[in-house]
Amino acid sequence: MDLPFTPGPKEHEIIHHRSETPKSLLLMGRSGTGKTTCLVFRMWAQYHEYRQQGTRPKQMFLTKNEVLCREVQRSFNNMGRAWRKRIETNDPAAIEPD
């Protein structure tokens, strides 16, 4: 699996942003800047937290673009496979091919 990028400090802040009251998150920026990737990482982080703590996330990814919708679903599933591979091999750098 080829992850699009390793999140930097700003992306990490977006992925793990918390507020006292749950609010919507809107990312605006030029194409190719990693907005969608940050949101997929964010969705995965919240899903993983739910699996560990039982705190069900309230999240929705909305797009009119069917290709983007399929790509986001594929990316989310690939993150799950990569996470399982890391756990199985006990290797934080292990990533399963797509």
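Applying the salt bridge (Lys or Arg N to Asp or Glu O under 4.0 Å) criterion to Arg18, with sequence neighbours excluded, gives Glu49. Applying the salt bridge (Lys or Arg N to Asp or Glu O under 4.0 Å) rule to Lys10 yields the partners Glu13; only residues at least two apart in sequence or on another chain are considered.
The main-chain N or O of Glu71 is found under 3.5 Å from a side-chain atom of Ser75 such that the two form a donor-acceptor pair.
A salt bridge (charged side-chain N to carboxylate O under 4.0 Å, His left out) check over residues 25-41, counting only residues at least two apart or in different chains, returns nothing.
Aromatic pair Trp44/Tyr47: centroids less than 6.0 angstrom apart.
The environment of Gln59 atom CD is dense: over 12 non-hydrogen atoms of other residues, nucleotides or ligands sit within 6.0 angstrom. Heavy-atom contacts from other residues, nucleotides or ligands closer than 6.0 Å to NE2 of His16 number more than 12. More than 12 heavy atoms of other residues, nucleotides or ligands lie within 6.0 Å of CZ in Phe61, so this atom counts as buried by the packing criterion. Around CD of Gln53, the count of heavy atoms belonging to other residues, nucleotides or ligands within 6.0 Å exceeds 12.
We find the CE-CD distance between Met43 and Gln73 to be 9.5 Å, quoted to the nearest 0.5 Å. One finds the CG atom of Leu27 at 11.0 Å from the OG1 atom of Thr37 (value rounded to the nearest 0.5 Å). We find the SG-NE2 distance between Cys38 and His17 to be 13.0 Å, quoted to the nearest 0.5 Å. For the atom pair CG (Leu39) and CD (Gln46), the distance works out to 10.0 Å, reported to the nearest 0.5 Å. Atom OG of residue Ser24 and atom CE of residue Met60 lie 7.5 Å apart, to the nearest 0.5 angstrom.
Counting heavy atoms from C-beta on, the side chains of Pro7 and Ile15 come closer than 4.5 Å. Residues Phe41 and Glu11 fail the side-chain proximity criterion, which asks for heavy atoms closer than 4.5 Å. No side-chain heavy atom of Val72 sits under 4.5 Å from any side-chain heavy atom of Thr63.
Pairing each heavy atom of Arg42 with each of Ile14, the nearest pair is NH1-O, 3.0 Å.
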